[in-house]
*Asks:* 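Attaching a single structure in structure tokens format; questions to follow.
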Amino acid sequence: MGFMIPAVMKKTLRPSFGTLRFMVVLIAAVVPAFFASHGNAQCLNPSPELLFYRGAIIPDVIPSVPCEFQQLKIYYPDTFPFLFSPVSFNESLFQNQTLEAPHVEVFGDGEFPFFGCYTLLMVDPDAPSPTNTSISQVIHWIVTNIPWDLSTLSEITTENVVLSYIPPTPIAGRHRYTLLLYEQPNCSFYPPAPGRILFSAEAFVSLYGLIGPVAGIYFGVTAGE
């Protein structure tokens, strides 16, 4: 014997045409406004971009990202406690987990046409502390002329390391360590090594005509942890 829904309840549960129309109009108005203030309203898949807004990487490090922006997949498997899973956006790590340079890949929908060569930056916008950024940004790593090889960044060797990796060493508070991947105009990019403090990713990109960022991620490390 089936369960019968009384006619009164049926009428109550069925929204009117006017209600449905109002909901459609409301969604059409609110969603573009939300993405206009928290990301690119034209992007079909703004998730990585929104995470950069949510963590204030936009605008603290970069002004914006393109719709094709992908997530970098990074691992810290070489120091204990080992991390064999990729680091998540804004994940909190211990300092001793980040002593060695991470393994880096791109983790996206596969629709971005990666070709040519790329530059990888790793910056800290919270130095010496999140409430006092007087020496920010600190640049932790610069690698150039990275050839594209399917889904992984390959050939990160001493020949294309402009600034060697230094691990996160926050003095106070929780710092956001941000990795950004940029497309180069050619595969012969050998910039002089900049100073470690008062670095500007945006100025560096503008000076050398880099394109992007095309991919990125950030994670947190807290002083004393």
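Here the structure is a predicted model, which is why all the values come from computation and not from measurement. Because only heavy atoms are used, hydrogens play no part in the values below, and waters and symmetry mates are left out as well, while side chains stay in.
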*Asks:* Going by distance alone, is a donor N or O of one side chain under 3.5 Å from an acceptor N or O of the other, for N145 and Q184?
*Replies:* yes
*Asks:* What's the spacing between I146 CD1 and L181 CG if we round to 0.5 Å?
*Replies:* 6.5 Å
*Asks:* Between E100 and Y76, is there a side-chain heavy-atom distance shorter than 4.5 Å?
*Replies:*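 No, too far: nothing below the 4.5 Å cut-off.
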*Asks:* Nearest 0.5 Å, please: how far is CE in M122 from CG in L72?
*Replies:* 11.5 Å
*Asks:* If we ignore hydrogens and angles and just use 3.5 Å, is the side chain of T144 paired with the main-chain N or O of T119 as donor and acceptor?
*Replies:* no
*Asks:* What orientation do W141 and Y165 show, parallel under 30°, tilted 30 to 60°, or perpendicular over 60°?
*Replies:*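 W141 and Y165: perpendicular rings.
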*Asks:* Any sub-3.5 Å donor-acceptor pair from T133's side-chain atoms to P130's backbone N or O?
*Replies:* no
*Asks:* For residues 193-203, which side-chain donor-acceptor pairs fall under 3.5 Å, sequence neighbours excluded?
*Replies:*
{"from": "R196", "atom 1": "NH1", "to": "I139", "atom 2": "O", "distance (Å)": "3.1"}
{"from": "R196", "atom 1": "NH1", "to": "H140", "atom 2": "O", "distance (Å)": "3.3"}
{"from": "R196", "atom 1": "NH1", "to": "S164", "atom 2": "O", "distance (Å)": "3.2"}
{"from": "R196", "atom 1": "NH2", "to": "S164", "atom 2": "O", "distance (Å)": "2.9"}
{"from": "S200", "atom 1": "OG", "to": "A203", "atom 2": "N", "distance (Å)": "3.0"}

*Asks:* Do V162 and P191 have side chains that get closer than 4.5 Å, going by heavy atoms?
*Replies:*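 A side-chain contact exists here, since the closest heavy-atom pair is under 4.5 Å.
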*Asks:* Would you call V161 and I142 a side-chain contact if the rule is heavy atoms closer than 4.5 Å?
*Replies:* no
*Asks:* What heavy-atom pair brings G116 and C187 nearest, and what distance separates the two atoms?
*Replies:* C-SG, 4.1 Å
*Asks:* Judged by atom type as modelled, is there a donor-acceptor pair below 3.5 Å linking the side chain of E225 to the main-chain atoms of T222?
*Replies:*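 Checking the backbone N and O of T222 against the side chain of E225, no donor-acceptor pair under 3.5 Å is found.
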*Asks:* If you apply the rule side-chain contact (heavy atoms from CB on, under 4.5 Å), what do you find for V87 with L93, and how did you get there?
*Replies:* CA-CA 9 Å; V87 176; L93 302 182; 4.1 Å; yes
*Asks:* Does the side chain of V138 come within less than 4.5 Å of Y177's, by heavy atoms?
*Replies:*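 A side-chain contact is absent here, since even the closest heavy-atom pair is not under 4.5 Å.
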*Asks:* Would you check if there is a donor-acceptor pair between the side chains of S134 and N132 at a distance under 3.5 Å?
*Replies:* yes
*Asks:* Aromatic rings F189 and F204: how do their planes relate, parallel, tilted or perpendicular, breaks at 30° and 60°?
*Replies:*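 It falls in the tilted class, 30° to 60°.
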*Asks:* If you define the side chain from C-beta out and look only at heavy atoms, does anything of I211 sit under 4.5 Å from Y182?
*Replies:*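 Counting from C-beta outward, I211 and Y182 never come under 4.5 Å.
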*Asks:* State, yes or no, whether a side-chain contact exists between I62 and P213 at a heavy-atom distance under 4.5 Å.
*Replies:* yes
*Asks:* Would you call Y75 and P86 a side-chain contact if the rule is heavy atoms closer than 4.5 Å?
*Replies:* yes
*Asks:* Between F219 and L179, is the side-chain contact (heavy atoms from CB on, under 4.5 Å) condition met? List the steps.
*Replies:* CA-CA 9 Å; F219 61 88; L179 288 90; 3.8 Å; yes
*Asks:* With side chains defined as the heavy atoms from C-beta onward, is the minimum distance between H175 and V221 less than 4.5 Å?
*Replies:*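 H175 vs V221: side chains apart.
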*Asks:* Any chance you could measure I166, atom CD1, to D124, atom CG, to the nearest 0.5 Å?
*Replies:* 9.0 Å
*Asks:* Quick one: which residue pairs count as a salt bridge (charged side-chain N to carboxylate O under 4.0 Å, His left out) with a foot in residues 126-142, not counting sequence neighbours?
*Replies:* D126-R176
*Asks:* Between L207 and V205, is a side-chain contact (heavy atoms from CB on, under 4.5 Å) present by the stated rule, with each step listed?
*Replies:* CA-CA 6 Å; L207 177 63; V205 168; over 6 Å; no
*Asks:* Minimum heavy-atom separation for P185 to G209, with atom names?
*Replies:* CD-O, 3.7 Å
*Asks:* Distance check, rounded to the nearest 0.5 Å: I58 atom CD1 versus D60 atom CG?
*Replies:*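 CG of D60 is found 10.0 Å from CD1 of I58.
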*Asks:* About how many Å separate OG of S88 and CD of Q71, when rounded to the nearest 0.5 Å?
*Replies:* 7.5 Å
*Asks:* Minimum heavy-atom separation for F52 and G216, please, with both atom names.
*Replies:* CZ-C, 3.9 Å
*Asks:* Once you round to the nearest 0.5 Å, how far does OG of S64 lie from OH of Y53?
*Replies:*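 So the OG of S64 and the OH of Y53 are separated by 6.5 Å.
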*Asks:* Looking only at heavy atoms, which two atoms of L51 and Y218 are closest? And how far apart?
*Replies:*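 Scanning both residues, the minimum pair turns out to be O-OH, 3.1 Å.
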*Asks:* Given R174 and N90, is the side-chain contact (heavy atoms from CB on, under 4.5 Å) satisfied, shown in steps?
*Replies:* CA-CA 11 Å; R174 186 179 189 272; N90 202 28; 3.0 Å; yes
